[in-house]
Amino acid sequence: DQQVKQNSPSLSVQEGRISILNCDYTNSMFDYFLWYKKYPAEGPTFLISISSIKDKNEDGRFTVFLNKSAKHLSLHIVPSQPGDSAVYFCAAAYDYKLSFGAGTTVTVRA
Amino acid sequence: NAGVMQNPRHLVRRRGQEARLRCSPMKGHSHVYWYRQLPEEGLKFMVYLQKENIIDESGMPKERFSAEFPKEGPSILRIQQVVRGDSAAYFCASYDRGGETQYFGPGTRLLVL
């Protein structure tokens, strides 16, 4: 069962512009949400997270928004840089278990 | 990724052989997860372990797969009698019960010929 969905498998954005990645979930028990970034042949690297009691968390160029009523979260990267080109995974947590989306491949064009 | 070690990074096995994947968690972390990533897919939960204890193995195939996390030494994911469908990237993550975030190792890429 796919409890976490990233419906856009890829995203291409020009350097300096905003990247917006979207994620939807179905399980209302999820209480913590994370974004991971992954380069080829490496493990996922934690990027940013948000608790279900918040609707926004910001860390430098990265901002995560959570809309609990819509069961939707998004990651904004601004400005996008060439080093941001990677696969981004959305993950949702309940108790100790993480459920991952299939990932969105972001390509930042010069 | 800092601190979570996995070895080997690449492993090639022939059908029917055994594969052993090792994971050393971050210092101070006593919880380990194993995930599998098939091509073009996200990470799928396999098993969650504490030292000397399997907490949740609901994502593990019923046969051929086993995992342990002994009191001393790394966590081991063992796949017996490998088949071509076992070819995947296997990631380990460690977790501190006082925190919320899992930190991943670099993964082991298993190729079954």
Side-chain angles (χ1 to χ4, degrees), chain A residues 1-10 21-27 29-54 57 59 62 64 66 73 86-106, chain B residues 1-11 21 23-26 29-50 53-60 88-111:
Chain A
D1 64 338
Q2 194 69 17
Q3 297 189 78
V4 179
K5 290 186 180 179
Q6 293 176 255
N7 291 317
S8 297
S10 62
L21 291 81
N22 294 303
C23 179
D24 296 294
Y25 62 95
T26 57
N27 189 343
M29 297 299 289
F30 289 138
D31 57 5
Y32 198 73
F33 303 89
L34 308 92
W35 285 94
Y36 285 85
K37 175 180 178 180
K38 185 180 179 303
Y39 293 117
E42 294 184 13
T45 302
F46 169 71
L47 202 54
I48 192 169
S49 61
I50 187 167
S51 164
S52 61
I53 62 173
K54 294 186 175 181
N57 188 26
D59 183 2
F62 303 92
V64 56
L66 176 62
L73 69 155
V87 180
Y88 290 78
F89 290 99
C90 164
Y94 171 58
D95 198 8
Y96 56 77
K97 194 181 284 189
L98 283 183
S99 297
F100 282 85
T104 297
T105 300
V106 172
Chain B
N1 287 10
V4 181
M5 310 276 285
Q6 285 187 253
N7 69 81
R9 294 291 304 274
H10 300 273
L11 183 60
L21 289 63
C23 169
S24 297
M26 285 181 72
H29 287 191
S30 57
H31 300 253
V32 163
Y33 296 76
W34 286 94
Y35 293 86
R36 176 164 64 176
Q37 184 184 23
L38 295 171
E40 310 301 325
E41 294 187 13
L43 282 75
K44 295 288 194 289
F45 167 80
M46 298 181 75
V47 61
Y48 168 45
L49 308 110
Q50 230 177 348
N53 194 16
I54 297 175
I55 307 297
D56 183 342
E57 56 181 348
S58 59
M60 289 273 273
Y90 292 83
F91 293 98
C92 161
S94 77
Y95 169 66
D96 178 6
R97 195 64 180 166
E100 296 285 355
T101 302
Q102 294 181 24
Y103 295 92
F104 284 82
T108 294
R109 277 136 193 93
L110 173 65
L111 175 63

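Chain letters run A, B, ... following the sequence lines, proteins first and then strands; every chain starts at 1. All values below were derived from every heavy atom in this structure, side-chain atoms included, with hydrogens, water molecules and symmetry-related copies excluded.
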[X] portion near chain A, given a 4.5 angstrom heavy-atom threshold:
X     : result
B:E41 : backbone
B:S58 : side chain
B:Q37 : side chain

Mind checking the [atom1]-[atom2] spacing from [X] to [Y]? Nearest 0.5 Å is all I need.
X      : Y      : atom1 : atom2 : answer
A:L98  : B:F104 : CG    : CZ    : 6.0 Å
B:Q102 : A:S49  : CD    : OG    : 12.0 Å
B:T101 : A:Y32  : OG1   : OH    : 4.0 Å

Please check if atom NZ in A:K97 has more than 12 non-hydrogen atoms from other residues, nucleotides or ligands closer than 6.0 Å.
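Yes, enclosed.
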Heavy-atom count check: over 12 atoms from other residues, nucleotides or ligands less than 6.0 Å from B:K44 NZ?
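Counting other residues, nucleotides and ligands, NZ of B:K44 exceeds 12 neighbours.
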Below 6.0 angstrom between ring centroids: does that apply to A:F100 and B:Y35?
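For A:F100 and B:Y35, the ring centres are under 6.0 Å apart.
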Taking side chain as C-beta onward, heavy atoms only, is A:E42 less than 4.5 Å from B:F91?
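A side-chain contact is absent here, since even the closest heavy-atom pair is not under 4.5 Å.
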